[in-house]
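Notes for the one structure printed next.
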2 protein chains.
Amino acid sequence: MKLTEARQQFISSWGAFGTHWGINRTMAQIHALLLICSDPITQDDIMEELNISRGNTNMNIRELINWGLVERVILPGERKEFFLAEKDIWKVVKLIVKERKKRELEPMLQLLDKLEEVEGDKRDKNVKSFLETVGNIKKLGKQADKTLDTMIKAEESWFISSLMKIFK
Amino acid sequence: MKLTEARQQFISSWGAFGTHWGINRTMAQIHALLLICSDPITQDDIMEELNISRGNTNMNIRELINWGLVERVILPGERKEFFLAEKDIWKVVKLIVKERKKRELEPMLQLLDKLEEVEGDKRDKNVKSFLETVGNIKKLGKQADKTLDTMIKAEESWFISSLMKIFK
DNA sequence: TCATACTTTCAGTATTTTTTGAAAATTCAA
DNA sequence: TTGAATTTTCAAAAAATACTGAAAGTATGA
């Protein structure tokens with residue numbers, strides 16, 4: 001397989017992968033492209049490579065920057081902005097986990113706390129079942145939250161070797 | 001908060017949560033409803049509670065059954081089918097992980113294997129950068145794959161206590 | 001300060017995904 | 001068998017989501 005084709009396949013399937021995880025296709029594709037570029041590239045490079053509009057490109061680059069996955073680079077003597085992705089995959093994973101934890105897990109846990117305060121006779125079958133489900137999800141969620149916090153702080157080597165010990 | 005309201009909030013936010021993780025809103029809502037019902041309920045119960053059409057209900061129940069999250073129950077003397085969700089949250093998580101690993105992680109790893117066979121001079125900056133990225137993602141992906149395999153086989157108590165040791 | 005190169009915004013449009021509902025298929029008791 | 005109850009299918013419609021492109025906004029250097 002030629003490099004050009006391989007790059008295209010990588011970008012396209014990274015995009016499809018993203019859509020299965022609640023990340024929009026273009027954002028994932030731009031990220032994929034930046035991941036395989038060693039040097040910073042411009043918005044126009046991205047537009048051309050992925051065949052997308054200026055507005056779309058701009059919005060999704062901004063989002064990638066918000067997530068901390070991409071940085072703006074000013075090259076001396078150049079008027080245009082350049083963009084560069086974080087290449088350390090372990091750092092990438094940690095940034096994504098951090099962001100999604102904040103956006104999704106934490107609000108969910110807050111809601112579950114509130115839902116546990118439901119009024120009603122705890123001997124009522126429906127109340128009991130509701131509280132049990134909410135309670136169990138909360139328990140697992142809190143554990144996941146702690147685990148992810150530690151992971152976010154962890155060094156890759158430490159994390160991997162710890163996992164190796166358990167999941168031999 | 002009254003039970004009715006709490007149930008609604010739970011169902012609605014579980015649905016929203018699902019959409020952020022590539023699971024469709026209705027499927028997640030039906031799942032949420034079944035999770036908080038101690039006894040099996042019918043398709044009509046679900047349609048009424050969630051205000052959705054027969055076709056939509058049917059398709060999403062089927063999908064939940066495919067995932068192993070819900071089972072069809074035949075009650076003696078009843079013509080209609082009833083549905084019941086797996087209530088053990090740890091089992092639920094394992095079923096979801098298993099399914100998504102099969103659908104998404106495994107095909108991605110296969111693709112990465114193929115992409116590593118790209119032709120071209122490995123001293124070429126573009127080839128080098130491509131291979132490095134693909135290689136690193138593959139390495140992490142394989143580790144995740146193994147870890148998830150072990151997790152799928154694990155007992156909750158064992159898993160939680162192992163995690164506790166590391167992520168104290 | 002001005003002109004130009006570049007970036008950002010967002011209303012309107014296009015695309016993708018989900019939902020509906022009626023018809024077809026199936027099941028089952030009599 | 002028959003036919004009423006129930007489930008399944010799927011084309012068409014609706015809803016949600018993403019994208020475009022032109023206009024407005026900013027920065028830069030002469």
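Below, read A as the first sequence line, B as the second, and so on, with proteins coming before strands; counting in each chain starts at 1.
- Residues Asn66(A) and Arg62(A) form a side-chain contact, since some pair of their non-hydrogen atoms from C-beta on lies under 4.5 Å apart.
- Within the structure, a side-chain polar atom (N or O) of Asn58(B) is placed less than 4.0 Å from OP1 or OP2 of dT8(D).
- The aromatic rings of Phe17(B) and Trp21(B) sit tilted, their planes meeting at an angle between 30° and 60°.
- Among the protein residues, Asn24(A) comes within range of the sugar-phosphate backbone only, with heavy atoms under 4.0 Å from sugar or phosphate atoms but none that close to a base.
- With a 4.5 Å cut-off on side-chain heavy atoms, Leu69(B) and Glu86(B) do not count as touching.
- Only one option out of Lys80(A), Arg79(A), Glu81(A) pairs with Ile74(A) in a side-chain contact (heavy atoms from CB on, under 4.5 Å); it is Glu81(A).
- Taking side-chain N and O atoms only, Arg54(A) has no distance below 4.0 Å to OP1 or OP2 of dA24(D).
- Looking only at side-chain heavy atoms (C-beta outward), Lys101(B) and Asp149(B) come within less than 4.5 Å of each other.
- Remark: P of dA16(D) and CE of Met27(B) are 20 Å apart, rounded to the nearest angstrom.
- Atom C1' of nucleotide dT26(D) and atom CD of Glu81(A) are separated by 11 Å, given to the nearest angstrom.
- Side-chain contact check for Lys87(A) versus Asn136(B): every heavy-atom pair is 4.5 Å or farther apart.
- Atom CD in Glu63(B) sits roughly 11 Å away from atom P in dT18(C) (whole-Å rounding).
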Show the distances under 3.5 angstrom between N or O atoms of the protein and N or O atoms of nucleotides 11-16 of chain C.
none

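- For dT8(C), the OP1/OP2 oxygens have a side-chain nitrogen or oxygen of Arg72(A) closer than 4.0 Å.
- For the pair Asn56(B) and dT20(C), the criterion of a side-chain N or O lying under 4.0 Å from OP1 or OP2 is met.
- Residue Phe83(A) contributes atom CZ, which lies 9 Å from atom C1' of dT7(C) at whole-angstrom precision.
- One finds a side-chain N or O of Arg62(A) lying less than 4.0 angstrom from the OP1 or OP2 phosphate oxygen of dT9(C).
- In this model, the phosphate group of dC19(D) is approached by a side-chain N or O of Thr26(A) to a distance below 4.0 Å at OP1 or OP2.
- The distance between atom CG of Asn51(A) and atom P of dT20(D), rounded to the nearest whole Å, is 9 Å.
- Between the CG atom of Asn60(A) and the P atom of dT7(C) there is a distance of 16 Å, rounded to whole Å.
- Look at CD1 on Ile52(B): it is 11 Å from C1' on dT20(C), rounded to the nearest Å.
- The base of dT6(D) does not come close enough to the side chain of Arg79(B) for any donor and acceptor atom to sit less than 3.5 Å apart.
- Lys142(B) has its side chain within reach of Lys138(B): a pair of non-hydrogen atoms, C-beta onward, lies under 4.5 Å apart.
- In this structure, the CD atom of Glu78(B) is 16 Å from the C1' atom of dT7(D), given to the nearest Å.
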